[in-house]
Each structure stands twice: as structure tokens, then as C-alpha cells.
> 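First the structure, then my questions, so here it is.
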There are 2 protein chains.
Amino acid sequence: MAEFVYKQIIDDLKKKIFAGQFADMRLPDERSLSELYQVSRSSVKQALTKMEHAGIIFKKRGSGTFINPLYIKNESVFNYEGSNLGVTDNFHMNGQKPQTRVLGFEVIPPTEELQRDLFLEPHDFVYKIVRLRLFDDVPFMFETGYIPIKIVQNLNQTIIEGSIFNYLENAHNLAVTKSFMSIFAEPSQEQDRELLLLKENEPVGIMEGIFFLDNGTPLEFSHMRIHYQYLKFNTFVSVQ
Amino acid sequence: MAEFVYKQIIDDLKKKIFAGQFADMRLPDERSLSELYQVSRSSVKQALTKMEHAGIIFKKRGSGTFINPLYIKNESVFNYEGSNLGVTDNFHMNGQKPQTRVLGFEVIPPTEELQRDLFLEPHDFVYKIVRLRLFDDVPFMFETGYIPIKIVQNLNQTIIEGSIFNYLENAHNLAVTKSFMSIFAEPSQEQDRELLLLKENEPVGIMEGIFFLDNGTPLEFSHMRIHYQYLKFNTFVSVQ
DNA sequence: AAGTGGTCTAGACCACTAC
DNA sequence: TAGTGGTCTAGACCACTTA
């Protein structure tokens, strides 16, 4: 963590933002930061650009760099900022204990869709893992995930009852740092209502997509069905 | 459009991707592209990084740069890629004619929340605009937006019946190119069901957040309530 | 060993904002 | 006019993948 120059700048600026060090909602200019941290302006710019994409700040050309008021307003909202991408770390927990109930665990040949999405050959078998996630015995989502066995061969019940991503990082030094995700919503189906304790009129939020390792290898195709109260996705969008 | 080197590279690569010019799902390496376009590798990298954030490609360190299979799978899915951020341009239209029904149009003092989100003083009045959006007489969302009059003073019924963003770009040369958005879902309320013709059990998707001008000025706080079938949000997430 | 993307430097000039 | 972020160059060295 924080091995690179730009990551150290991000960590330091975030710490200062939370400490209220920029009361005027304004960061020092790029050239000052370059001097302060004794790095090139390019490295400062790289840090600030990533912070902008994380929804922490925004830049005003000709004026300066400012803290995003929505970031201060609702910190917990920025699920994906500053942690890894695993479920365990990213849904609002408020100190509650996360639990996992394994509903399915098998190895199957990849469908054509999976072959394309995960860059697989027909003979590249995949784990199919279905898990229900809970906080303090309250279920909030269930997930169907597909992971090629050529990337990891020794998954077992104990591992998938915890965080697969943490296991991969700790035991195999494989970090999950990128994903492409679609987010949408549907009326709940009977299985949703059973597993997530939803009423007839309450919907599910759906997130599905591909998780990538730090080196760009597609690791998992995941389909998550989420209790609507637990899905709040925050994002920065920019056009070219 | 395409005035800068990196934008020209984006446009050209996208054209080639759609033309199926990279059948192996792989782009040329950065140094080759640098030579091909006669620009520095940094400029190539800037283009590729933006394309990665747009969900078009992903990079594999040590291996190369590849086309995102989800991008090919469902083009229409990437609502925000390659156009501006206005509603008119971003919901799946399939050639249908977009319509707008104005439900409210007034000027009010900014709430404290709006003052913070749009960087306003208490005396900076805002337009409050409520609009229902339809395709071929089928309503798909309604939106409440707040725009400071200090940015634009001459909005009228005719303008807000069309695209405000297009008007700002054409008449005032103000381009909307960035936004911070929260996406979530709720059971539909009575007003939702009335306006969007939803059944009791069908939900609304909600997108709310801030739109920024190209220069970073916060332009609008917007709250959109969307028929669940029309909300599909696609995004790239990366951790530092 | 060769090839690829990642990080980083030390500048230059431009476009825009604020005064 | 001075200050700010945006674009761009021409390199350097590193980490990782592939063969």
C-alpha cells in the first residue's frame, strides 16, 4: 500500500481532507503540491485525476481544485473508494458482522458467454459459486460468481465462506483492483423475496459484470441480486 | 470535437473497433500507436486510459490492451460513452421521438443543501424545473433539476421543453462534460406509478447528483426517477 | 530475452479564470 | 497580468508476461 508516489499523495490528501485541513473546500494548486511533495507535476496530476474519478474532488480549469461537497455529505456512499472491490468491504456495515451462506459450489464447463467475457477456451472449466450474504443474520444480497480454475485451483468450502478476494490477495498475491459493472433494478422474483426477505412490492438491485486482477486478467463474472436498501452506487462520469 | 490529439486517437480507435479491425480483441501496443499517430506515448496513454474508463478496453500489464467483451456484447448499454450527458442522448431510444412535458418551472432561493452542492450564496436564486420525459408518448422518467440563475438567466418554456444542455452548448458555449451521480432503487410511490405508468410491484430507479460544466463549474443538481426498465447504468470501477 | 504497460521526470506552451 | 489546470513532448527505468 502506498508504494508509489501518486498513491502516497492520494493517502496524504485524503487524510488532510478528513482532518478538515481545507476549510475553504480548496486544495493547493498543482505546482505547490509538486513542490510540497518534491515530485513532478505529472505525478501530482495523476494523483488528482484518480481522486477526481473516485468522486473526492473536482477540478476547475483556471480556478483550482475543490473538494466534492457530496463526498463530505455522505462518506459511506462512496462504496468503492479507497478499499478493495470485495463485497465484504464495500457494503455499508456500520460495525455489523458479515456472514456468508454457501448455496452452491461446483465446477462446470464455461458457457459461450463466459468464454467471451473471461477470455476462456471451451476446456477452461470454471467454479460456479452461489452465496448468500448477511449482516447480523439479515440477508442483503446473493451472488452467482464464475471463476476459471486455471487462475485458482484450490478453492474450498472454508475459503468461499469468507472473502475470496482477500484469500487471493493473501495466499496468491492476486489483487482485484478493476471491474466493469452494470447496475439496474427489477421487481423481486419469488427466490429474491425468499432469500432477501422482501415484500411483494419491493425490488432488487442488480449489479453484474467482470472483476479484473491488478494485471488486467479477467478473474470473475459476477451476478449480484441485492436488497434495494443496500444498493447505492456512486460514480463519476465524464465525457472525453 | 476531436480538436486534441488524444481525442482524435479515441475517435479513430473506436471507429476501427466498430469496423471489426481488431478481430483478436487486441489493440496495437502503445509504442506502435505512438509511431502510427506520430505522437508521444503519453498522449497515446491518455487516450487509452480514457477509453478504459469508458468501458471500451482494458489493459493487461505485460500483455497488451484488449477490447472489453461487454462493450461488444451490448453497445447500447454504455449510455454515457461518447456523447454528452443529457437525458435526450443517453437513454435507449431506438429511433423513438423524445418528448418533454413541463410539470413545474419556477425560481426559488437555494436550500442549504443546494448552496453546498452548487457552491452558492443564499442570494443565488435557482430555477426549479420539473419535467416528465417520454418516448412516443410512453413516459420513462421524471426529473427535478435546480440550476443557478447566475449561470443562465434566460431559460423559458420553449428551451426547457427541449434539451437544456444542448441549448447551453449551442447558445452559450457551455458544455456539460462531468457529473457525480448516485444510483439506487426504491419501491414506486403513488406519484411514480401515476406518472410512469408502473404497477404496484414495479420499482423506480433513481439517479441523483451534480452536473458540471467542462470548466468544472457545478451547473445543476438533478433528481431523476426512472421507470426501472429504462435504467441500466454501466461503469468502470478501479481502486487506486 | 524481448515485449508490454506502469511510473516518473522536467520541462514547454495553451486556455481559461480572477483581479 | 498572474495564476490555474489542460495538453503534450521525449525521454528514463521498472514490473510483469510470454516465449
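Quick caveat, the model's predicted, so the values are computed rather than measured. Each chain gets a letter, A, B and so on, in the order the sequences are listed, and its residues count up from 1.
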> State whether the side chain of A/Q115 and the backbone N or O of A/P110 hold a donor-acceptor pair below 3.5 Å, judged by distance alone.
yes
> Base, sugar-phosphate or nothing for B/K45? Non-hydrogen atoms, less than 4.0 Å.
base
> In residues 27-34 of chain B, which residues come under 4.0 Å of DNA chain C by heavy atom?
B/D29, B/E30, B/R31
> Looking at residues at least two apart in the chain, or sitting in another chain, which of them share a side-chain hydrogen bond (donor to acceptor under 3.5 Å, both in side chains) with A/T144?
none
> Not counting sequence neighbours, which residues clear side-chain hydrogen bond (donor to acceptor under 3.5 Å, both in side chains) with A/Y167? List them please.
A/N154, A/H172
> Tell me which of B/G64 and A/V39 sits closer to the 5' end of DNA chain C, going by the nucleotide each one is nearest to.
B/G64
> Give A/S42 one of three labels, base, sugar-phosphate or nothing, depending on what nucleic acid heavy atoms sit under 4.0 Å from its own.
base
> Centres of the B/F180 and B/F212 rings: under 6.0 Å?
yes
> Between which nucleotides of DNA chain D, 5' to 3', does chain B make heavy-atom contacts below 4.0 Å?
D/dT7 to D/dT18
> In whole angstroms, how far is the P atom of C/dT4 from the CZ atom of B/R41?
10 Å
> Taking only residues two or more places apart in sequence, or in another chain, which ones meet B/D124 in a salt bridge (Lys or Arg N to Asp or Glu O under 4.0 Å)?
B/K150
> Does B/K128 make a cation-pi contact with B/Y146 (under 6.0 Å, within 45 degrees of the axis)?
no
> Whole Å only: how far is the NE2 atom of B/H172 from the C1' atom of C/dC16?
19 Å
> Please compare B/S63 and A/K59 by the position of their nearest nucleotide in DNA chain D and report the one closer to 5'.
A/K59
> Among residues at least two apart in sequence or on other chains, which ones pass side-chain hydrogen bond (donor to acceptor under 3.5 Å, both in side chains) with B/S42?
none
> Pick the nucleotide of DNA chain C nearest each of B/N215 and A/Q46; which residue has the one closer to the 5' end?
A/Q46
> Decide yes or no on side-chain contact (heavy atoms from CB on, under 4.5 Å) for A/K14 and A/I56, but give the supporting numbers first.
CA-CA 8 Å; A/K14 273 166 55 178; A/I56 302 172; 3.7 Å; yes
